[in-house]
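Reviewing the structure listed below.
Note that these values count all heavy atoms, side chains included, but never hydrogens, waters or copies made by symmetry.
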Amino acid sequence: RPLCPKTSTPTIVAARALGIASIFCLSTFATATGLVSLALGVSTLREFADRMRAWAPERRRRVQRLLGLAPSEDPVESAEEARAWAALDDALKSAFRERR
């Protein structure tokens, strides 16, 4: 639709552009997520998250090997660090439960 010089201020044009870009980004993200979910054969968000948590680190290591890069260490390598992360996770969950 052509822009009317009397009603098309820079603010209106910028807001319209932002709205169009937002719709484009959200629809692209939703389509990509749907296609990945379909390819992985998952039907729930929890299944999707579990699959991605297992898939992403392995894929990262493969790409690093392919490029000849030293593999970076995972943030949770030792049992002590795993316990610390679990304790932090439990503390956050209990804090959110108390707020409800």
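Summarising the geometry, atom CG belonging to L18 is positioned 9.5 Å from atom SG belonging to C25; distances are rounded to the nearest 0.5 Å. Considering CG of L92 and OG of S94, their distance stands at 8.0 Å, rounded to 0.5 Å. Distance check, rounded to the nearest 0.5 Å: CH2 of W55 to CZ of F48 gives 9.5 Å. In this structure, CZ on R59 lies 13.0 Å from CD on Q64, to the nearest 0.5 angstrom.
Annotation: side-chain hydrogen bond (donor to acceptor under 3.5 Å, both in side chains) contacts involving residues 29-43, sequence neighbours excluded, comprise S43-E47.
More than 12 non-hydrogen atoms from other residues, nucleotides or ligands lie less than 6.0 angstrom from CZ of R65.
Residues L40 and R51 share a closest heavy-atom pair of O-NH1, 2.5 Å.
Checked against salt bridge (charged side-chain N to carboxylate O under 4.0 Å, His left out), D89 has the following partners two or more places apart in sequence or in another chain: K93. Scored by the salt bridge (charged side-chain N to carboxylate O under 4.0 Å, His left out) test, R53 finds D50 as partners (sequence neighbours excluded).
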